[in-house]
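First up is the structure itself, then whatever we jot down about it.
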Amino acid sequence: MAGTLFQLEINPKLPPRLARLEELANNLWYSWDRPTRTLFARLGSKLWGAVGHSPKAFLKRVDQRRLEEAAEDPVFLGALAHVLSAYDTYHDNLRREQGHQLPDGALIAYFCAEFGFHESLPIYSGGLGILAGDHCKTASDMNLPFVGVGLLYRQGYFLQSIDGEGRQHALYNDADFDDLPVTPVAGPGGGDLKVAVRLPGRDVWAKVWKVRVGHVSLYLLDTDLEENSPHDRDITHQLYGGDRTTRIEQEIVLGMGGVRALAALGLKPTVWHINEGHAAFLVLERMRDLIRTGLDFDAALEAVASNTVFTTHTPVPAGHDHFADEMIRRYFEECCHDMGCEVGSLLALGRIDDTPEFNMTGLAIRGSRFQNGVSRIHGDVSAEICRKLWPQIEVDENPMDYVTNGVHVPTFLSDHWHDTFDRVLSPAWRQRLTDAQTWAQVHAIPDHTFWSIRQSIKAEMLYLVRHRITEQYTRNQCSQAHIDRLLQLADAENPNVLTIGFARRFATYKRATLLFRDLELLRRLICNPERPVLFIFAGKAHPADQPGQALIRRVHEVAQMPEFEGHILLVEGYDLRLARRLVSGVDVWLNNPVYPLEASGTSGMKAAMNGVINLSVLDGWWGEGFHQDENGANGWAIKPASRTLDEERRDQEEGRSLYETLQDKVIPLYYARGPMGYSPGWVAMAKRSIATITPRFNSQRMVGEYLHKFYAPADQQWRRKSADDYAAARTLAAWKQKVRLAWPKVRLRRLDTPVKRIPYGASLHFELAVHLDGLAPQDVAVELLLSRPGTDSRTRPPRKLLLEYRGPGEHGDSIFALDFTPDVCGKLDYRLRVYPHHELLTHPFEMGMMLWL
Ligand SMILES: *Cc1c(COP(=O)(O)O)cnc(C)c1O
C-alpha cells in the first residue's frame, strides 16, 4: 500500500436522553448486572462483540443515527429507565451489613497485583484476579468502607490462539486506556494525580487511575509516563511479564506507590489487606512513614502489623515470591537509610529458611497480625509451610488461619437462574445469599422446569462454543465438513449429550490430561453411541510454562484422534466471558488437581450455583463443599491417593477412580432418562448442588468472614496501638525486645509429685517453678492442657487452665500453681507449658515462643 496510513475515529455524541449511558459505562456494576450489558448490546450486537464487550469502547464507536433512533424508541428508553432505576437503588442503598458496622472512619485498603471483574478490563490472569474482583464487588454489595489498589497494565494477560498443531500462540495487545472503564484522578494542581516511588538512583512516577466498582473505588497505578525513562515506562507494561527486575519494580510500585497514592488521595486506611505476597512492600512504606514521625523500627513494625491482614494463595514453598538478597540491598538501600536501620534488619523481615533469599511471604507475615490460607486444607498446608516463622509453636496452633474462598453470585449466576429465583425463592434472596433455608427452596422448582432451564443455559453455551470452534478451525484451514464432524455432539438445538467441562489455567498440577491415561478405556466410556459424552477443554498456559503448553498440545492431539472426533473440544481464548458460559452451561465440572496443590479453586463454586455437578478431587474448596451434604449427594469426589505413593502410582489410582466414577455413576445417572425425557436422579443431585454449596461458597460469606475475623479486630487494634502517639505500639515493641533476650534462658520445673490415679471428687495440685531470667511473672502464661487420649486436637481442642502465680521460689524462680478437681471420669492426658503473655498481643502465640515441660 502506497502512502502513509493515517487513522481517525469519529466519536458520537450521546443524545441528552441517553446521557447516563456514560455513567453506566464507567462503573463496573455492569460486570454483574446483565440487563445493563444487554442494553449496550441492543444498540448494536455486532459492534458490542467487536469491542470485546467494553461499554466505554462501544460508546466511542456506535453510530450516531443508532443513538438517535434509540433516544426515540420507547422500548429502549423503557429498558434504560429500568436499568437506571436498579442502578440508583443500588447506589442509594447505604445500609451496611447489619450488626457488623465498623466504626466511623474505618477504611479497608485491599492490595492485589491483578483484578478480574470483566473481560473489558483485562488486568487478570486467573483465579487470584477473579477472586480479588469478586472481593471488591462484594465489598460494594455490603457497603463496606473499602478501596482497592492495583496496577494498570498496558498489556493485560495475553490473548490466546491455538493452531492446527495444538500450539498455543500468545498475542499481546496494547490497551487503549480510553477504551477501559478507568478515569485519571485529578491532582491537586489540576493535571493528573501522580506519585513518585524511589528506585535505585531515580524517582519513578506513577499516574493514578480510578475504577468505579459499584460503591467502591479501585485505584490503579501506571508508570507509562513521559517523565519516566523508557525502562521505567515499561514497569507496568505487562501483567506477570518481564524478568526479576520487572517483578521487583512492579511490586515496589504496587506496594509502596500504592501507599503513597492513598495518602495523596487523602485516604487513611485503618485496615490493610495484602492479597498474596506481591503487595507486601506496603509494609515497608508504612513503616518508613511512621519512623519519620519518630517511631523506632520495632515500634513501627508493631504498629503496621497490628492492622495488616495477609492472605496467601500458594500451596508450595517454591511458589512464594522471593528475591535475591543482593537485589533487596540495591533496591532498599535508600529506604533503609530513611528508616535508620541496617539493611540486615530489613532482610531479616523476609527470611524464612536459612537460604539467602528475601521471601515476600516472610515479609507479609512479619508485617501482619492476621494471616490466612484460602480453604481449610490450604490453611493447614500454609501453617506447615510457614511454621518456621513461629518456631516453637505446634503447627495446628500457629496463627495461620483460613477463610475459604467464595464467588460473586450475581456475576456468575446465569440470568436464567436470576429470573427463576425471582419467581421461586423468597423475594429477598439476593440479600440472603448465605442463608441455607433460602437456597433449600430450589427443591420446590418442578423437576421438568429445572431441567428445561438447564437445557436453555446449556444451549447458549453450546452456541458460543460452536461459534468459537468454527472461527478457530476455519482460521486453522479446516474444511467445513471437518468442522461439522467436530461439532456433531455440540448441538445447541438438541443439547442432550452429557457435557463435561474442564477450563482453567493449564498449570501442570491441575493435570488436564489425567483423563487420557487410558485411551482405550476412555473410548469405551465416552464413544458409546447410546450414551455419548462430550468434553470441553479451555484455558491458557503461561507463555513461559513449557510443560503447561505441552498439556494443551496433548489435549489437541487426543481431540484429533479419529475415534475421539467430536467428543473432545479444545476452545481457545479462555477469559471471563467464556468462563461464565462454561461454568453455567456444562452438565459436569471436572477438576482433578494434585492434592494439596489446589489452594482453593473457585470455578467449581461457580458451576455448583448454576446446577452444574462437580466431579473433583477432594482438594481445596471441594474438601469442604462435598461434605456440606451429609449424604454426599451434591456431587462426586475423587479421594486423593496416599501421599506416600510416587507420582505415577498416584496418577494411576486417581485416574482409575475418575474412570470408575464416570462409568458407574456419572454416565448412568445422566442417561437414566425417565418418561419426561430427563433423569430425575440427575435433577435431584443438581438441586442439591445449588442448595448445599451456594449458601456457603459465595463471596458474601467470604467477605463477611474477613470482616468478623480480621477487618473489625484489625481496625480495633489500630485504634489501640496508634492512640497517644503510638504509645501501645512502643510499649509492645519494647516488651517483645525484653522477652526475646530473656527467653532462651527460661526454664520450667515441676515441683509437685505427679499422681496417676485419684478418686472422683478429689483435687489435684500442680506446682511449677519457672526460671524467668529477669522477666516478671505477669510476662508469661503457664498453662495446663487436658484432653482425652487419642482425640484430634483440632476437632476437639484440649481444655486449657492457667496456673496462678503464687510467689517467689528458690534460686530466683517464680512459683505457679493450680488446684483443680476434674469433673469427669476416665483416662486423661495432660501437658504443661509456658509462653510469653501481654495483653497487647493480637494473637497469643504471635511471638512464636513456647516451652513445654
Ligand atoms: C473462576 C476462574 C478461574 C479460576 O478457576 P479454577 O478452576 O479455580 O482455577 C480462572 N479463570 C477464569 C476466567 C475464571 O473465571
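One-based numbering, in listed order, for ligands and for the atoms of each.
Proximity of the aromatic rings of Y706 and H273 is defined here by a centroid distance below 6.0 angstrom, and this criterion is met. Between W621 and F626, the distance from one ring center to the other does not fall under 6.0 angstrom. A centroid separation of 6.0 Å or more is found between the aromatic rings of Y153 and H237.
Note: W29 and Y90 have tilted aromatic rings, judged against thresholds of 30 and 60 degrees for the angle between ring planes. Aromatic ring orientation, F177 versus W209: perpendicular (interplanar angle above 60°, classes split at 30° and 60°).
If you run ring-ring contact (aromatic ring centres under 6.0 Å, His included) between F502 and each of F537, F516, F535, only F537 comes through.
Within 4.0 Å of ligand 1, protein heavy atoms come from G126, G127, I130, R504, K510, Y574, D575, L576, A579, G601, T602, S603, K606.
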